[in-house]
**Q** 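Sharing a structure here in structure tokens format.
Chain A is the first sequence line, chain B the second, and so forth, proteins listed ahead of strands; every chain is numbered from 1. Owing to the predicted nature of the structure, the values given are computational and were not obtained by experimental measurement.
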Protein chains: 2
Amino acid sequence: MTIRAIERAMTVLQELNLQPINTIAQLHARTKLPKPTLVRILRTLEEAGYVENDTRQGGYQVSALVTSLSSGFHKGPLVVEAGRAWAIAITRKHKWPVAIALPDYDGMIIRFSTVPDSLISPFHSTVNRRLSMLTRGMGLAYLAFLDGEDRDVMIGILQKSQDPENALSHHREELLRLLSQVRKNGFATRASTVEPRNSDTIAVPIIAKSGRVLASLGLTYFKSAFDSERDARERYVPILKSAAVAISEDLNRLSSSIAIEVNSAEPAVLEDDR
Amino acid sequence: MTIRAIERAMTVLQELNLQPINTIAQLHARTKLPKPTLVRILRTLEEAGYVENDTRQGGYQVSALVTSLSSGFHKGPLVVEAGRAWAIAITRKHKWPVAIALPDYDGMIIRFSTVPDSLISPFHSTVNRRLSMLTRGMGLAYLAFLDGEDRDVMIGILQKSQDPENALSHHREELLRLLSQVRKNGFATRASTVEPRNSDTIAVPIIAKSGRVLASLGLTYFKSAFDSERDARERYVPILKSAAVAISEDLNRLSSSIAIEVNSAEPAVLEDDR
DNA sequence: CTCGATCGTTTCGCGAGCCGGAATGGCTCG
DNA sequence: CGAGCCATTCCGGCTCGCGAAACGATCGAG
């Protein structure tokens with residue numbers, strides 16, 4: 001026996017994370033919960049400090065305190081930590097959301113996303129979302145830069161998959177041609193056959209100093225904001241490549257020891273110990 | 001009217017974030033909730049995926065999914081993003097937890113902490129916790145490096161405070177001497193008059209290229225792990241100072257444009273658009 | 001100005017479902 | 001072997017959350 005009220009509250013909290021501002025009506029439409037119930041849940045969350053009700057804007061939003069609900073969670077791999085600052089910087093400057101994805105079995109999982117930082121982005125927050133390997137830019141950018149042997153293993157796994165998005169794995173020649181093209185270009189984009197159609201993602205691999213591909217870094221934009229996809233690519237591909245190189249360098253610096261040569265202030269003990 | 005069950009669930013979730021592993025008995029002692037109630041709440045959270053019940057270890061812990069509860073929250077200042085990777089790197093190498101705190105009115109608020117990454121740390125996760133300005137290393141490291149004028153304003157604010165931890169603000173001479181000492185040393189430590197007594201925090205300022213102090217970076221350790229506090233300081237002060245400089249440099253790189261000169265792969269449009 | 005539509009919020013009586021003391025069963029001790 | 005501690009289950013009682021309906025505020029159209 002589980003407690004229904006709590007399940008509902010968690011559902012609401014999840015929904016609140018999908019959009020920067022949420023009205024009762026929207027939440028009602030998406031969660032199917034009765035409005036009075038929503039009001040009660042939201043009031044509870046508000047008094048507890050996790051939600052703010054901005055009447056001027058007419059809507060509810062999550063507050064800073066929600067971060068404390070996951071503050072005790074052991075963080076992910078260092079590549080995400082090294083990359084998040086760059087992702088945020090790109091979004092601040094160029095507005096579009098940027099994400100970092102790591103491989104997970106036969107797909108990629110988004111481990112960090114700046115969607116909430118991107119004011120122009122009506123996309124949903126996509127952290128923890130799974131992407132297929134062959135139709136998504138972030139998957140292709142990773143797969144294309146895998147070593148030959150690893151890549152063959154991966155393709156073998158994909159062939160056993162039932163997912164229609166992995167269908168290309170059965171056309172080996174075509175797939176290899178595509179991957180070779182991605183390697184030559186240094187980036188990949190989402191398959192045009194896949195939703196959502198009104199946006200595109202440009203993704204580049206993040207490659208360690210050792211040459212091993214670790215993750216992929218992707219930027220998503222509305223097609224309608226550019227005259228052609230070529231314009232967007234000419235603009236953002238260099239930025240992403242440059243950021244991927246910087247992340248790799250940071251990762252290198254971070255994982256080696258922290259330098260101990262400093263502008264020495266003598267480590268004298270404080271007299272007053274405050 | 002608020003919903004009690006939800007309030008309780010949030011309390012439990014908060015408690016779960018304070019320790020890596022939690023038994024029913026611990027939670028019962030800390031939350032005062034009846035055990036059957038705890039079991040029901042935990043089962044609900046477990047089925048929803050936010051909590052894991054590791055029977056081998058005999059306890060409950062938060063799972064990766066909790067991060068999605070705050071994935072839609074607009075992130076904090078860039079200095080935290082630039083610093084978190086360094087904080088994590090220090091903790092991975094030297095084990096002790098490291099935190100970043102930002103000023104907030106008359107105190108400091110911890111905005112990031114590696115407590116959950118520090119396996120040897122039985123400290124609680126302290127994100128969003130407020131620290132007083134005059135008795136905490138992180139407060140003093142910030143205050144001491146404020147510009148003369150800003151510092152005077154801050155001291156004025158502190159004098160109006162009733163908090164006994166701000167008492168020192170009424171002894172101007174003594175306070176200025178302390179701050180001058182901190183500036184000379186380049187770091188500050190927690191007042192020995194303040195809890196917890198069995199640990200100490202070493203804090204350094206994070207100073208922007210402009211010379212303005214932005215935040216402070218602190219490392220906390222058990223006194224019993226060292227022969228003397230001097231030993232600990234000789235060891236960690238240089239590391240912290242070095243990291244603070246690196247963070248400042250990263251911040252500078254991040255906030256200027258992302259370089260667009262790259263190892264040019266021609267931005268040719270992909271033939272196959274997948 | 002007056003409808004009417006659509007918000008968010010409050011009301012209120014019913015009964016589902018949460019509550020928690022007590023019981024259970026497993027475990028580790030001495 | 002039994003005492004003590006643990007997490008978990010049981011189950012009768014009765015709160016307390018539930019949601020249809022009403023309310024009042026806001027807005028735009030006519």
**Q** Provide, to the nearest angstrom, the distance between the CZ atom belonging to B:Arg43 and the C1' atom belonging to C:dC18.
**A**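 Distance, rounded to whole Å: 13 Å.
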**Q** Expressed as a whole number of angstroms, how long is the span from B:Glu7:CD to D:dC16:C1'?
**A**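 Nearest whole value for this atom pair: 12 Å.
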**Q** Mind calculating the distance between CG (B:Leu38) and P (C:dC18) to the nearest angstrom?
**A** 15 Å
**Q** When the distance from NE2 of A:His28 to C1' of C:dT6 is rounded to whole Å, what number comes out?
**A**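 For the pair A:His28 NE2 and C:dT6 C1', the rounded distance is 12 Å.
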**Q** Tell me: CG of A:Asn22 to P of C:dC7, nearest whole Å?
**A** 15 Å
**Q** Toward the 5' end of DNA chain D, which comes first, A:Leu33 or B:Val39, by nearest nucleotide?
**A**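 Result: B:Val39.
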**Q** When you get a sec, tell me which of D:dA7, D:dT8, C:dT9 is the closest nucleotide to the side chain of B:Ala25?
**A** D:dA7
**Q** Rounded to the nearest angstrom, tell me the gap between atom CD1 in B:Ile6 and atom C1' in C:dG17.
**A** 14 Å
**Q** Nearest of D:dT9, C:dC7, C:dT9 to any side-chain atom of A:Ile24?
**A**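 Looking only at heavy atoms from C-beta outward on A:Ile24, the closest nucleotide is C:dT9.
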**Q** For A:Thr37 and A:Leu33, indicate whether the former's side chain and the latter's backbone hold a donor-acceptor pair under 3.5 Å.
**A** no
**Q** From OH of B:Tyr60 over to P of D:dA7, roughly how many Å is that when rounded to an integer?
**A** 9 Å
**Q** Mind checking whether B:Asn198 and B:Lys223 have side chains closer than 4.5 Å, heavy atoms only?
**A** no
**Q** Are B:Asn53 and D:dA7 close enough that a side-chain N or O sits under 4.0 Å from OP1 or OP2?
**A** no
**Q** Is there a donor in the side chain of B:Asn22 and an acceptor in the side chain of B:Arg30, or the other way round, less than 3.5 Å apart?
**A** yes
**Q** When you measure only distances, ignoring hydrogens and angles, does the side chain of B:Arg40 come within 3.5 Å of the base of C:dG20 through a donor and an acceptor?
**A** yes
**Q** Find the distance A:Lys35:NZ to C:dT10:P and express it as a whole number of Å.
**A**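 After rounding, the gap between these two atoms is 14 Å.
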**Q** Using a 4.0 Å heavy-atom cut-off across all strands, classify B:Thr2 as base, sugar-phosphate, or nothing.
**A** sugar-phosphate
**Q** Counting N and O atoms only, with roles assigned by atom type, does the side chain of A:Thr23 sit under 3.5 Å from a partner on the main chain of A:Gln26, one being a donor and the other an acceptor?
**A**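 Answer holds: yes.
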**Q** Reckon A:Pro36 touches a base, only the sugar-phosphate, or nothing at all at heavy-atom distances under 4.0 Å?
**A**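 Base, at least one base heavy atom under 4.0 Å.
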**Q** Classify the side chain of A:Arg8 versus the base of D:dG17 as yes if they form a donor-acceptor pair under 3.5 Å and no if they do not.
**A** no
**Q** With a 4.0 Å limit, can you tell me whether A:Thr23 has a side-chain N or O closer than that to the phosphate oxygens OP1/OP2 of C:dG8?
**A** yes
**Q** Are the ring centres of A:Tyr236 and A:Phe226 closer than 6.0 Å?
**A** yes
**Q** It should be established whether A:Arg4 places a side-chain nitrogen or oxygen under 4.0 Å from OP1 or OP2 of nucleotide C:dC18.
**A**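 No, outside the criterion.
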**Q** Want to settle it: does A:Gln26 or B:Ala5 sit nearer the 5' end of DNA chain C, counting the closest nucleotide to each?
**A** A:Gln26
**Q** Where the side chain of B:Thr37 is concerned, which of C:dC19, C:dT9, D:dC6 is the nearest nucleotide?
**A** C:dC19
